[in-house]
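Notes for the one structure printed next.
Letters go in sequence order (proteins before strands), and every chain restarts at 1.
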Amino acid sequence: MPELPEVETVRRDLSRLYLGQTLQTLSVTGPRTVRRHAAELLSAVEGRALRRLGRRGKYLLFEWDDGQILVVHLRMSGQLLARAAGAAGAAGAATVPHTHAVLGFGPAGELHFVDPRTFGEFFLTTSDLPELAHLGPDALLATPAYLAQALAGRRAPLKALLVDQRVLAGIGSIYADEICATAGLRPFRPGGSLRRGQVARLATTIVAVLEAAIVARGSTLGDQQYRDVLGEVGHYQLEHRVYGRKGLPCPTCGAPVERVQLGAKSAYQCRKCQH
DNA sequence: ACAAATACCTGTAAGC
DNA sequence: TGCTTACAGGTATTTG
């Protein structure tokens with residue numbers, strides 16, 4: 001599932017392919033793709049040039065030359081895939097199933113939004129991003145001082161706090177488990193139970209794991225859902241210590257990785273290496 | 001203020 | 001083999 005490293009990989013791909021290009025057409029056919037306002041409002045960005053591609057947590061920001069911002073969230077199954085110009089049209093390749101939107105950049109080609117589970121969304125907003133005001137700092141900017149105050153007194157499990165976008169923006173289930181494993185901390189520990197040194201180690205581990213995952217272009221799981229803009233898989237799953245590895249040996253101690261139930265969700269951990 | 005449960009959705013895996 | 005059920009996940013919303 002796309003989390004910060006996957007969204008950042010997509011952001012860099014998009015920047016390389018479409019920065020400075022003019023959006024000629026934006027066609028949205030998915031009935032659930034635009035939920036926060038009328039879908040017709042999206043036509044306001046047709047004719048605008050793409051000035052910058054940004055990211056806040058898992059949200060992609062297409063910033064246009066008039067200041068409007070198109071926000072895209074891939075949620076669980078969303079993909080943004082580059083296609084040659086005219087690919088959606090008459091002759092030649094048909095669009096793949098679950099294609100809900102097409103951005104036409106003229107000679108630079110098309111960008112197709114494909115999302116089988118239809119949880120992903122598009123919306124148009126202004127540069128002050130009021131819809132994203134609730135997000136905490138981007139997880140790549142995590143510091144010991146910030147985490148210490150964010151976790152202080154919290155009884156909720158550490159993993160629940162790591163995936164809470166109001167605490168830090170960008171971490172989901174995969175990277176929360178990998179961060180806990182790398183930091184040697186059990187995911188179901190109350191967030192407020194960490195000692196000062198553990199909080200500091202957690203902060204540096206968050207940044208290190210996410211940066212390593214960006215280098216590996218993200219994680220593509222067994223369902224093959226995550227793809228970059230050119231349709232290629234990521235490779236960070238090969239470096240996973242625990243996520244998706246139930247029963248397989250912990251890379252540090254060889255003990256079998258276990259999966260523990262954590263409320264409605266679950267977490268992977270090595271009982272021997274994490275405390 | 002915080003914590004936990006739930007709805008949303010579809011492809012896939014596991015179960016009978 | 002074929003059918004049914006459970007599960008995966010991020011976020012907004014509701015409930016406790």
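To the nearest angstrom, P of B:dC9 lies 17 Å from CD of A:Gln225. A straight line from CG of A:Asp164 to P of B:dA5 spans 15 Å, rounded to a whole angstrom. Distance, A:Phe119 CZ to B:dA7 C1': 8 Å, rounded to whole Å. Spacing between atom NE2 of A:His134 and atom C1' of B:dC2 amounts to 17 Å, rounded to whole angstrom units. In this structure, CG of A:Asp223 is placed 12 Å from C1' of B:dA13, rounded to the nearest angstrom. The nearest whole Å value for the distance from the CZ atom in A:Arg155 to the C1' atom in B:dA4 is 11 Å. Rounded to whole Å, the distance from CG on A:Leu158 to P on B:dA3 is 12 Å. Between the P atom of B:dG11 and the CD atom of A:Gln79 lies a distance of 13 Å, rounded to the nearest Å.
Judged by distance alone, the side chains of A:Glu6 and A:Tyr175 do bring a donor and an acceptor atom under 3.5 Å apart. No hydrogens or angles considered: nothing links the side chains of A:His112 and A:Thr95 as a donor-acceptor pair under 3.5 Å. Side chain to side chain, A:Arg189 and A:Gln198 meet the donor-acceptor criterion of an N or O pair below 3.5 Å.
A:Lys58 comes within 4.0 angstrom of sugar-phosphate atoms only, judged by non-hydrogen atoms across all strands, and of no base. Contacts of A:Arg35 with the nucleic acid, taken as non-hydrogen atoms under 4.0 Å apart, are absent. Using a 4.0 Å heavy-atom distance criterion, A:Tyr243 is classed as a sugar-phosphate-only contact. Nucleic acid contact class of A:Tyr226 (heavy atoms, under 4.0 Å, all strands): none. As judged by a 4.0 angstrom heavy-atom cut-off over every strand, A:Pro190 is placed among residues making no nucleic acid contact. Heavy atoms of A:Glu3 sit under 4.0 angstrom from primed sugar atoms or phosphate atoms, though from no base atom.
Annotation: of the two residues near DNA chain B, A:Arg166 and A:Met76, the 5′-most nearest-nucleotide partner is A:Arg166. With the nearest nucleotide of DNA chain B identified for both A:Lys265 and A:Leu161, A:Leu161 has the one nearer the 5' end.
Among the candidates A:Thr205, A:Val207, A:Leu158, the single residue satisfying the side chain to side chain contact (heavy atoms under 4.5 Å, CB included) test with A:Ile179 is A:Thr205.
Taking a cutoff of 4.0 Å between a charged side-chain nitrogen and a carboxylate oxygen, A:Asp13 and A:Arg217 qualify as a salt bridge.
Here A:Arg32 reaches the OP1 or OP2 of B:dC9: one of its side-chain N or O atoms lies under 4.0 Å away.
A nucleotide of DNA chain C counts as in contact with chain A when one of its atoms lies under 4.0 Å from a heavy atom; the first and last such, 5' to 3', are C:dA8 to C:dA12.
Separating the CZ atom in A:Arg55 from the CZ atom in A:Arg11 is a distance of 7.0 Å, to the nearest 0.5 Å.
Ring geometry for A:Trp64 versus A:Phe105: interplanar angle under 30°, hence parallel rather than tilted (30 to 60°).
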